[in-house]
Q: 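Have a look at this one.
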Amino acid sequence: MTVITADAPPRGRSMAGPLFVSGIMLAALTEAIASTILALGRADMIGDTYATPDEFAWLDIGYTALKLIGFMAAAGLMARFKPRNLILGATLVMGGACAIAAVTARLDLLIVLRFVQGFSGGVLLVTGQAAIFLAYPASRQPFLQCLFAIAAVVAPATIAPALEGWLLDSHSWTWIFFSVVPVALAAAGLLIAVDDPIPEKTAQRPFDWAGFVLLAIMLLCGTYVFSQGSRWDWFEAPHLLWLAVIGAAALLTFLGRQVLVGGRGIIDATLFASADFTFAFIVSFVAGAALFGSAFLIPSFAVSVLAFTPTDAGLLLLPSGVLFVAALLVTAFLVQGRGVAPFATVPFGILMIMASMWMLSGSSGESGAPDMMAAILLRGFGLGFLFLSITLIAFGGLDKRNLATGIGLFNSGRQLGGLMGVAGLQTLIDHGMVSNAAVIGASVTAGTPAVVERLAATTALFSAKGLDPAAAGRAATSLLGRMVSGQSTVIAFDTAFFAVALLFLFAAPVLVAIKITLAKRAHRAQPEP
């Protein structure tokens, strides 16, 4: 009797794919941790570095600006280095920079290290996502991009804040940087252990150094203006005005140069010939504003209004990560397993995020985690339906020649949208606190029966605790002032939550109109049979 057996792939080869993707996910996780350290660790770092607010701001500005520059430089680097080697190098640089940052309190060195971390983080995110597209067929991309989104989007939005809050309360901010080191080493080990599934570099094209410098100037100026605008009352500060002018001039010069050099510029203009990429790029701004804006508002409200500890504030977003991942997996199943068009889940994502922000706009100073949890969970579900879909829409029709450039541009749009969203919300909160305090304070005047009654009751309470009548009266007045300030802050945050909901309310019909217009343009551009 003859037995015929099918050839089985070697075990090493069958494991190479999962190990390669796991290495990329861990590399992306290093960026997730490094990028969010200032969200909760800002106060502790300022105290340990003895930094002024102006000096400390560069830790945030430097990281964000260089991350954006890294997004745009990644395509040129991929044309000169193999993607795996580039991811490996960027990951090791990230791990090394975090290791040094963990053992120093010198502000000037920390600023330089944040610049290095930002650039390496931008490069490894773009290269890692492009490598997955280049290494595996389009039929497997929904699930693979779902895995990448867990590390690149879910982790910084939900997992990293919880880890960092616990490290801040139990140890110190230096341990956040330390935590990046083993993750970077594990990622490097996995990437070294497997064969490179992308044996050839992407098509090489001349690097536009002049365009890159102009773009870097624009991104650095823009990041500073949006990061510090609210603090300096925007263009009331001359240096912000000058930076805005310089950034605008650099942008206009850059765009003019891109037109003159055609396809040899740092941005491949043919990307926007794709209706799908153009639509997804526009959506990325709104999605970035929703992701970064809500991730800024929720912990800030918990810490500043509800007096949560860093651990509690970080844990507040963690449960939403479960639904975020669940929505990503459901979307991947529908697209990859059932052939559903990626655009089909976008409206559900928008509606869920809008509803969650509307629910949070009803929060009060007496709210707790249980009161906010339903809205936070709904936010996570909506973000999952939105992000994977627009990723697949954006990159599904791109070829190897312009894939890395498209990914860098798309990620830049999301980051800039988030930067603008946070800047707008911070300004809204700052102005709202002042105006709300003025309105409420106008009603809390001496002689008003309700005010007299409240002050008398509070003074009597303090007197019963042992204070003399004069001190008790001053304490009662001070407490009333803090109550007015606290209520003003609550109203300002509620207005900001509602503003995010309104953003989607106005953006949704505009995005639908843009989608229809682009689809008609693409249909007219098709040659007739």
Side-chain angles (χ1 to χ4, degrees), residues 20-21 23-24 27-28 31 65-94 115-116 118-138 141 144-145 148 152 187-188 191-192 194-219 254-255 257-274 277 281 391 394-415:
F20 180 69
V21 175
I24 292 176
E31 195 282 328
L66 267 292
K67 182 179 177 179
L68 287 165
I69 294 170
F71 284 157
M72 303 311 300
L77 292 172
M78 284 183 65
R80 288 155 179 79
F81 302 98
K82 288 185 177 181
R84 187 190 69 166
N85 296 341
L86 189 56
I87 301 167
L88 177 62
T91 304
L92 291 174
V93 169
M94 173 68 84
F115 273 66
V116 173
F119 185 80
S120 59
V123 170
L124 72 85
L125 285 180
V126 172
T127 310
Q129 189 167 25
I132 294 175
F133 272 105
L134 293 172
Y136 303 101
Q141 288 303 321
L144 291 172
Q145 292 303 318
F148 182 80
L191 292 171
I192 292 172
V194 299
D195 294 331
D196 192 347
I198 314 168
E200 297 181 358
K201 300 188 295 290
T202 58
Q204 188 163 348
R205 50 188 292 187
F207 192 77
D208 180 15
W209 282 105
F212 179 74
V213 170
L214 289 169
L215 191 61
I217 293 172
M218 184 271 292
L219 291 173
F254 170 78
L255 294 175
R257 178 178 172 77
Q258 294 304 295
V259 173
L260 292 176
V261 300
R264 294 165 306 176
I266 197 168
I267 293 179
D268 187 353
T270 60
L271 286 166
F272 295 100
S274 166
F277 178 83
F281 178 71
T391 297
F395 310 135
L398 302 185
D399 55 31
K400 294 181 179 180
R401 179 180 58 84
N402 56 13
L403 177 65
T405 304
I407 292 175
L409 199 58
F410 177 84
N411 280 279
S412 297
R414 184 181 68 193
Q415 190 76 34

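From a predicted model like this one, the values you see are computed outputs, not experimental measurements.
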Q: To check you understand the geometry: which heavy-atom pair defines the closest contact between A152 and L125, and what is its length?
A: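 Where A152 meets L125 most closely, the heavy atoms are CB-CD2, 4.0 Å.
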Q: Please list, chain by chain and in numerical order, all residues satisfying ring pair (Phe, Tyr, Trp, His ring centres under 6.0 Å) with F277, sequence neighbours excluded.
A: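 Scan of F277 (ring pair (Phe, Tyr, Trp, His ring centres under 6.0 Å), adjacent residues dropped) gives F272.
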Q: Of all the heavy-atom pairs spanning L124 and A90, show the shortest one and how long it is.
A: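 For L124 and A90, the tightest heavy-atom pair comes out as CB-CB, 3.8 Å.
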Q: Which residue is it: L86, I407, I87? I am looking for the one with a side-chain contact (heavy atoms from CB on, under 4.5 Å) to M78.
A: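 Of the listed residues L86, I407, I87, the side-chain contact (heavy atoms from CB on, under 4.5 Å) partner of M78 is L86.
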Q: Write down the atom of F281, the atom of L409, and the distance for their closest heavy-atom approach.
A: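 Looking at all heavy atoms of both residues, the closest pair is CE1-O, 3.3 Å.
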Q: If you round to the nearest 0.5 Å, how far is CG of L134 from OG1 of T127?
A: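 Rounded to the nearest 0.5 Å, the OG1-CG separation comes out at 10.0 Å.
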Q: V21 and F148: side chain to side chain contact (heavy atoms under 4.5 Å, CB included), yes or no, with the steps?
A: CA-CA 8 Å; V21 175; F148 182 80; over 6 Å; no
Q: Could you pull out all residues at least two apart from F133 that satisfy ring pair (Phe, Tyr, Trp, His ring centres under 6.0 Å)?
A: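 Listed in chain order: F395.
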Q: Once rounded to the nearest 0.5 Å, what's the spacing between atom CE of M72 and atom CG of L215?
A: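 Rounded to the nearest 0.5 Å, the CE-CG separation comes to 5.5 Å.
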Q: So, using side chain to side chain contact (heavy atoms under 4.5 Å, CB included) as the criterion, who are the partners of L92 when residues are at least two apart?
A: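 If we apply the side chain to side chain contact (heavy atoms under 4.5 Å, CB included) test to L92, skipping adjacent residues, the hits are L88, A188.
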Q: With sequence neighbours excluded, what pairs up with Q145 under the side-chain hydrogen bond (donor to acceptor under 3.5 Å, both in side chains) test?
A: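 side-chain hydrogen bond (donor to acceptor under 3.5 Å, both in side chains) list for Q145, sorted by chain: Q129, Q141.
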Q: Which atom pair, heavy atoms only, marks the closest approach of Q415 to K67?
A: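 For Q415 versus K67, the nearest heavy atoms are OE1-NZ, 3.4 Å.
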Q: Might you point out which heavy atoms bring A187 and A27 nearest each other, and give the distance in Å?
A: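 Closest pair (atom of A187, atom of A27, distance): CB-N, 3.6 Å.
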Q: Measure the spacing between CG of L191 and OG1 of T91 and express it to the nearest 0.5 Å.
A: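 Result: 6.0 Å between the selected atoms.
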Q: Tell me, with the steps shown, if F119 and V93 meet side chain to side chain contact (heavy atoms under 4.5 Å, CB included).
A: CA-CA 10 Å; F119 185 80; V93 169; over 6 Å; no
Q: Indicate the atoms forming the closest heavy-atom contact of A404 with V126, along with that distance.
A: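 Scanning both residues, the minimum pair turns out to be O-CG1, 3.7 Å.
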Q: Applying side chain to side chain contact (heavy atoms under 4.5 Å, CB included), can you list everything that pairs with L214, at least two apart in sequence or on another chain?
A: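 By the side chain to side chain contact (heavy atoms under 4.5 Å, CB included) rule, L214 matches T253, F254, R257.
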Q: Does R414 have any side-chain hydrogen bond (donor to acceptor under 3.5 Å, both in side chains) partners at least two apart in sequence or in another chain, and if so, which?
A: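 Once residues adjacent in sequence are excluded, the partners of R414 under the side-chain hydrogen bond (donor to acceptor under 3.5 Å, both in side chains) criterion are N411.
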